[in-house]
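Before we start, here is the structure in question, set down as structure tokens.
Letters A, B, ... mirror the listed sequences (proteins, then strands); counts begin at 1. Just the heavy atoms: all of them, side chains too, but no hydrogens, waters or symmetry mates, feed the values below.
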Number of protein chains: 2
Amino acid sequence: MNVHEPERRLVTLADVARAAGVGESTVSRVLRNQGSFSKRTQDRVAEAVARLGYVPNRLAGMLAGSGSTAGAKLVGIIIPSLTNIVFPDLLRGATAALDRDGFQSVIGVSDYDPEREEALIGALLSWRPAGLIVTGLEHRAGSVARLRASGIRIVEMIDTDGTGLDIVVGFSNRAVGCDSARHLIARGYRRIGYVGHDITLDLRAAKRLTGFRETLAEAGHPLAETEIAPGPSSAAAGRAALGRLLAARPDLDAVYFSNDDMALGGYFHCLADGIAVPERLALFGFNALDIAAAMPQPLTTIRTPRLEIGAVAAERLTAGGPAETVDLGYELIPGATA
Amino acid sequence: MNVHEPERRLVTLADVARAAGVGESTVSRVLRNQGSFSKRTQDRVAEAVARLGYVPNRLAGMLAGSGSTAGAKLVGIIIPSLTNIVFPDLLRGATAALDRDGFQSVIGVSDYDPEREEALIGALLSWRPAGLIVTGLEHRAGSVARLRASGIRIVEMIDTDGTGLDIVVGFSNRAVGCDSARHLIARGYRRIGYVGHDITLDLRAAKRLTGFRETLAEAGHPLAETEIAPGPSSAAAGRAALGRLLAARPDLDAVYFSNDDMALGGYFHCLADGIAVPERLALFGFNALDIAAAMPQPLTTIRTPRLEIGAVAAERLTAGGPAETVDLGYELIPGATA
DNA sequence: AATCAGATTGGCAGCGCTGCCAACATCTGG
DNA sequence: CCAGATGTTGGCAGCGCTGCCAATCTGATT
């Protein structure tokens, strides 16, 4: 497979043109189904392409096409993580929409590191994409400078709490926190705690917590206690953290989790310790994971339109509309745990 | 942000050269830190780059560099899904290793569709990558033809049960099935059932089932019953499917699941129905999800070296060794459910 | 039969960068 | 002071494709 005849040159468009007995530009037009050409020409080109096994070189195509109206059918996407299923979902939504419009995407994963995000922005811009989709509204000064200087469309997705550079697609994490608090208060819970993962990295989780905390305070039942697990969110972290939280405050009657992974861990802790949910302790999550819905008692959580956010981000990016913020909202799923 | 001075041309290498008062090739050498140049030149180039905000055009770079020894520092990766956390994990492992070697990656998601895989292979090859990482050993004839004709290194990952085109990195899914069966038999389970998702799409799951079934038969306790949920794996599907399986065969004492997602759903079914695990019914999964380890009773499952598979796949691809199969093995995690 | 709009086609100059090579510059030792 | 080795540097031809434009062909019309 890998030991080939010495550097066999790959088939080029010129080879196809020669084989089909037509000009290069004719082949190019046929292949892109653009401009006009006769049925006969089309067949001959198709035959030559098949016979020679021609694969277009997109690198060359994009280079040549750059600067023109058509431009590069390419967008870059930067997400902070692949571990949390949320981001693959955003990716799915975006790439599906992008595919439909004939766009390719190049993906970067920042690991929640703003510095790495800046480096990735540079790396993705060097592909000369038509646009860039990034996560969240907070970026280093250098990142913002690069994005601005690039002159391309930018979509910041997921979060609408703040000012965007260009297009923003998402929902208000702050409002999610507020609504979550209101729900718990309305259900009669009064001694409420919080279990989260590293908030300095996941700024959206921090915003939810802020909204949550403020609403509780306004209601006259301030957040009783918080427990932050180091590192990224996971069921194991949630389970351990809820244990610690309850050890410190056995009197809590409800706990708000930074997301469903953590909440699932919390639920497991309750099962293991024989804590009745929601009678003795109510649990509230975030993100409506599939798994959370399959639990014996469906988790009370917030469903966010992840696929839709990705899709709308992609559409707005390629559509060429004005700079604006699109709030796609969210939905509270009552469940059985709070 | 998006309304710029009419088509401001982006800064090119030539602009930098002019600004720094040196030749283009000199700037190119400095930027790639290749060849020799004086400290003074380096500083002047660095200054010009910073002042003009130059971003190299990788498209042009790769085009120009193609055909040479250095070649394109790019690899394509095709995975069947983003929904199952397994594949983002493989991606993480691969991209981490790739980054280290200065490679970029372009990703394609086939949705378990062989036809789409073939299309993706074409799309990725058009980037003229140095190599391609695909999932599994089974591909359409057209896909194989394209891969062979490409002349680049190919890695097929995850599965070692069969013949690869070039490099293969993974483990034996068949052996996983066999070992899972042996474990259950050794623990004294006799009336064993299977709950899976769509096997026609997920060929690796099918191989595990084959190994599992054969080993049970050899042990004299053939697989009692199978229940296949339509669609992809999920906790909800696993929960529902286990319900159906037990309705048909209430006498089962153990169930093997196509993966941990499904098993988790099965566990939830047991919790909801008050079925004692593992006394009344034992559960056995596959893939060692984080969540499964956080359950009140850790799931008995198989840990697969996902990150490592991705990493080794990337390393082998770029290293230039011989075509061979690398079996990275797996590990049975005893857990408490079987 | 001549004319004309529209369809079809080919030639060729780039797109921005890298590889190659020749041209210098600088440094050794004899 | 010079040949030879080593270190630096710039010029320029592509890489494979697309955009543009002029050339050619077609059929219909007058």
Side chains of R44(B) and T41(B), donor plus acceptor under 3.5 Å: no
Nearest-angstrom distance from the residue atom CG of L31(B) to P of dG19(C): 13 Å
Length of the CH2-P vector between W127(A) and dG16(C), whole Å: 17 Å
Between C1' of dA7(C) and NZ of K39(A), the distance in whole Å: 17 Å
Side-chain donor/acceptor of R116(B) to backbone N/O of V109(B), under 3.5 Å: yes
Donor-acceptor contact below 3.5 Å, side chain D113(B) vs main chain E115(B): yes
Passing option when D159(B) is tested against V169(B), V168(B), L137(B), L203(B) for side chain to side chain contact (heavy atoms under 4.5 Å, CB included): L137(B)
Audit row: R146(B), E117(B), salt bridge (charged side-chain N to carboxylate O under 4.0 Å, His left out) steps and yes/no: CA-CA 11 Å; R146(B) 289 184 180 203; E117(B) 183 191 53; over 6 Å; no
Proximity to the side chain of A60(A) - top-ranked nucleotide from dG16(D), dG19(C), dT9(C): dG16(D)
Distance in angstrom units between N57(B) CG and dC17(C) P, rounded: 6 Å
Touch class at under 4.0 angstrom, heavy-atom based, for S36(A) against every strand present: base
Length of the line joining L63(B):CG and dG16(C):P, which is rounded to integer Å: 12 Å
Under-4.0 Å side-chain N/O to phosphate OP1/OP2 contact, R32(B) with dG19(C): yes
Minimum-distance nucleotide (side-chain atoms of A64(B) versus dC15(C), dC17(C), dT9(D)): dC17(C)
Nearest-Å distance for atom pair CZ/C1', residues R128(B) and dG16(D): 9 Å
Strand contacts (DNA chain C) in residues 19-29 of chain A, 4.0 angstrom heavy-atom criterion: G21(A), V22(A), G23(A), S25(A), T26(A), R29(A)
Salt-bridge criterion met for R92(A) and D89(A) (N-O under 4.0 Å): yes
Atom CD of E47(A): over 12 foreign heavy atoms under 6.0 Å: yes
Length of the CZ-P vector between R18(A) and dG16(D), whole Å: 12 Å
Nucleotide dC25(D), atom P - distance to CZ of R40(A) in whole Å: 13 Å
